[in-house]
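Report on the following structure.
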2 protein chains.
Amino acid sequence: MKKHYQPVTTDVVIFTIEDGQLKVLLIKRANEPFKDQWALPGGFLFEDEEPEHAAVRILKDKAGIKNVYVEQLYTFGGSGRDPRGKIITVSYFALVPKEKIKISVSDKIQTPTFRSVKKLPDIAFDHNRIITYALKRLQSKLEYTNVVYSLLPRYFTFNQLQNAYEIISGRKLDKRNFRKKFMLLKLIKATKKVLKGERQRPAKLYEFTHHKPAELKKFF
Amino acid sequence: MKKHYQPVTTDVVIFTIEDGQLKVLLIKRANEPFKDQWALPGGFLFEDEEPEHAAVRILKDKAGIKNVYVEQLYTFGGSGRDPRGKIITVSYFALVPKEKIKISVSDKIQTPTFRSVKKLPDIAFDHNRIITYALKRLQSKLEYTNVVYSLLPRYFTFNQLQNAYEIISGRKLDKRNFRKKFMLLKLIKATKKVLKGERQRPAKLYEFTHHKPAELKKFF
DNA sequence: CCAAAAGTGTTGACTGTACACCCATGT
DNA sequence: ACATGGGTGTACAGTCAACACTTTTGG
């Protein structure tokens with residue numbers, strides 16, 4: 001058992017919902033390789049840094065956000081991924097409500113930008129593959145966990161909730177059945193607030209009863 | 001983005017079914033730390049070695065087996081796991097049919113041994129946690145994939161199949177319902193062979209139609 | 001008063017679960 | 001002949017999916 005040291009990086013797939021679309025945060029690379037191409041935020045671990053710590057650090061640096069849902073995605077290894085040689089990448093995905101994001105305006109070079117997963121630009125490394133993998137994971141997590149709470153603001157309407165499901169899963173859901181099913185889960189409760197100011201009947205606002213990840217029996 | 005190198009190890013949780021129990025392969029550590037304690041097979045990556053390659057290598061060395069189901073489990077990082085400091089461990093789990101295993105008899109020091117997951121000895125590092133994690137993953141994979149094929153011999157009876165599900169999930173299943181449900185999946189086909197020699201009616205032998213991992217709609 | 005989204009129940013189809021008896025063999 | 005696991009069908013309950021109209025507001 002010989003001991004060797006390996007170069008290790010972390011990449012983070014940061015999802016949010018904006019304008020009725022699922023979006024992912026990309027930055028423009030400031031350095032070679034793939035200089036000036038879009039890529040996932042990420043980079044080499046600091047000395048003795050844990051991969052998850054790096055993911056959290058990147059979230060704060062690039063999206064100005066903390067205390068959000070972060071989950072390890074997959075560890076990619078091997079050549080053909082990075083022209084610098086064999087590099088191990090521990091990837092993460094994060095879910096953030098649009099309201100919490102504060103992109104640093106001073107970051108004029110990397111210009112972190114949310115892009116719709118439906119029409120992504122050319123992307124550096126094998127980051128397209130990582131995004132695809134993350135999307136698949138997100139879709140299946142929706143079905144058997146309560147993670148959707150981490151994409152919504154504190155108060156939300158039933159429609160926002162249903163839209164989150166529809167956007168991510170890519171299929172339309174029945175309004176009545178959705179409401180019935182979701183109510184049985186006891187994950188959310190109605191508040192006394194309503195969303196007024198639109199030009200139709202005001203919608204009741206709901207909130208989640210818990211803000212911790214949990215697994216559910218079944219779902220959608 | 002400073003570039004640092006990290007010590008990286010791989011551990012493999014190798015499951016098999018033997019004597020009606022789910023077992024996991026442990027070895028007795030030959031070196032410090034935790035010398036002479038039971039642990040998962042694993043170790044540092046070779047230079048420029050990919051984590052999955054290391055997992056396959058370990059499978060061959062310790063269980064004399066190749067071409068089996070291997071899947072990445074999780075990447076553990078951080079301190080408190082290994083007295084040598086911060087080490088990143090990419091863990092894998094593998095499923096092997098008992099018939100294929102050839103444990104090297106020359107390995108008198110490490111004595112690789114399958115132990116029932118129900119009564120494990122004291123285990124080095126945080127390997128207990130990794131085994132627990134692997135078991136959970138295996139349980140859920142049973143429900144929505146066809147991985148069970150990788151725990152059974154080429155020809156098997158319906159009872160062996162059902163037992164695999166019962167042992168891993170930890171609950172009894174109804175014989176008639178199980179057969180009905182499984183047949184609808186079209187994953188297996190009856191052969192002309194039967195298992196004779198027992199002191200009851202001979203059981204038909206079945207085989208899987210495919211030996212590749214696949215996802216299923218739903219399951220159990 | 002018109003447009004737009006909010007909100008609300010019922011029915012039929014399907015899926016899952018519970019359950020008991022005869023069959024083929026070895027001893 | 002008997003003990004042992006092998007093999008088979010039905011009925012009821014629970015869950016899922018389809019579907020249309022009234023309500024409340026802003027303009």
Side-chain angles (χ1 to χ4, degrees), chain A residues 17 19-21 139-140 142-144 148 152-153 155-167 169-207 215-220, chain B residues 17 19-21 139-140 142-144 148 152-153 155-167 169-207 215-220:
Chain A
I17 289 178
D19 304 330
Q21 297 185 308
Q139 286 171 336
S140 72
L142 265 201
E143 292 180 9
Y144 67 94
V148 70
L152 295 174
Y155 301 106
F156 54 89
T157 66
F158 238 106
N159 243 336
Q160 288 178 281
L161 180 64
Q162 182 173 340
N163 281 338
Y165 275 92
E166 291 182 339
I167 290 164
S169 72
R171 62 199 163 115
K172 284 293 270 181
L173 299 172
D174 180 90
K175 191 165 52 155
R176 278 173 287 192
N177 294 337
F178 180 83
R179 184 182 284 258
K180 219 183 310 169
K181 223 164 159 182
F182 210 95
M183 275 312 198
L184 283 174
L185 297 172
K186 311 273 186 196
L187 292 176
I188 61 174
K189 59 169 186 259
T191 66
K192 284 165 192 157
K193 301 174 196 291
V194 292
L195 182 65
K196 296 191 72 160
E198 307 291 314
R199 83 158 180 287
Q200 69 270 19
R201 175 174 173 177
K204 273 208 197 85
L205 287 167
Y206 293 80
E207 65 180 333
E215 297 214 358
L216 311 171
K217 307 271 169 196
K218 259 178 203 175
F219 229 54
F220 288 97
Chain B
I17 289 178
D19 305 329
Q21 297 185 306
Q139 286 171 336
S140 72
L142 265 201
E143 293 180 9
Y144 68 95
V148 70
L152 295 174
Y155 301 106
F156 54 89
T157 66
F158 238 106
N159 244 334
Q160 288 178 280
L161 180 63
Q162 183 173 339
N163 281 337
Y165 275 91
E166 291 182 339
I167 290 164
S169 72
R171 61 200 163 116
K172 285 292 273 180
L173 299 171
D174 179 89
K175 192 165 54 157
R176 278 174 287 194
N177 294 338
F178 181 84
R179 184 181 285 259
K180 217 182 312 168
K181 222 163 159 184
F182 210 94
M183 275 312 197
L184 283 174
L185 297 172
K186 309 272 188 199
L187 292 176
I188 61 174
K189 57 168 186 257
T191 66
K192 283 165 192 157
K193 302 174 195 293
V194 291
L195 181 66
K196 295 189 74 158
E198 308 291 314
R199 82 161 180 285
Q200 69 269 18
R201 174 174 174 179
K204 274 209 196 85
L205 288 168
Y206 293 80
E207 65 181 333
E215 296 214 359
L216 311 171
K217 308 270 169 196
K218 255 176 210 182
F219 229 53
F220 288 97

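To find a chain, count down the sequence lines: A is the first, B the second, and so on, and within it residues start at 1.
Separating the CG atom of A:Leu173 from the C1' atom of D:dC16 is a distance of 13 Å, rounded to the nearest angstrom. Protein atom CE of B:Met183 is 15 Å distant from nucleotide atom C1' of D:dG9, rounded to whole Å. Rounded to an integer number of Å, the gap from CZ of A:Phe178 to P of C:dT8 is 14 Å. As a whole-Å value, the separation of B:Lys172 NZ from C:dA18 P is 14 Å. For the pair A:Leu195 CG and C:dG7 C1', the interatomic distance rounds to 15 Å; values are reported in whole Å. Summarising the geometry, the separation between CG on B:Asp174 and C1' on D:dG5 is reported as 15 Å, rounded to the nearest angstrom. Rounded to whole Å, atom P of C:dT8 lies 16 Å from atom CZ of A:Phe182. With rounding to whole Å, A:Lys181 atom NZ is found 18 Å from D:dG14 atom P.
Of the two residues near DNA chain D, A:Gln200 and B:Ala203, the one whose nearest nucleotide lies more 5' is B:Ala203. Both A:Lys175 and A:Glu198 lie near DNA chain D, and the one whose nearest nucleotide falls closer to the 5' end is A:Lys175.
Under 4.0 angstrom from either OP1 or OP2 of C:dA5 there lies no side-chain N or O belonging to A:Arg199. The side chain of B:Arg176 contributes no N or O atom lying less than 4.0 Å from OP1 or OP2 of C:dA18. The shortest distance between the side-chain N/O atoms of A:Arg201 and the OP1/OP2 oxygens of C:dG7 is not below 4.0 Å.
The A:Asn177 side chain lies nearest to D:dA17 when the options are D:dA17, C:dT17, D:dT24.
Residue contacts for B:Lys204: at a heavy-atom cut-off of 4.0 Å it reaches the sugar-phosphate backbone alone, with no base atom in range.
Judged by distance alone, the side chain of A:Glu207 and the main-chain N or O of A:Thr191 form no donor-acceptor pair under 3.5 Å. A side-chain donor-acceptor contact under 3.5 Å links B:Gln160 to the backbone of B:Thr157.
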Check your understanding: Should A:Asn163 and A:Ile17 be marked as a side-chain contact (heavy atoms from CB on, under 4.5 Å) after you check the CA-CA gap, both sets of side-chain angles, and the distance that decides it?
Key -> CA-CA 10 Å; A:Asn163 281 338; A:Ile17 289 178; over 6 Å; no

Practice item. Report the C-alpha separation of A:Leu216 and A:Leu187 in whole Å, then their side-chain angles, then the decisive distance to 0.1 Å, and conclude whether the side-chain contact (heavy atoms from CB on, under 4.5 Å) test is met. Key: CA-CA 10 Å; A:Leu216 311 171; A:Leu187 292 176; 4.0 Å; yes

Practice item. For the pair B:Tyr155 and B:Leu195, evaluate side-chain contact (heavy atoms from CB on, under 4.5 Å) and give the outcome as yes or no after the intermediate values. Key: CA-CA 9 Å; B:Tyr155 301 106; B:Leu195 181 66; over 6 Å; no

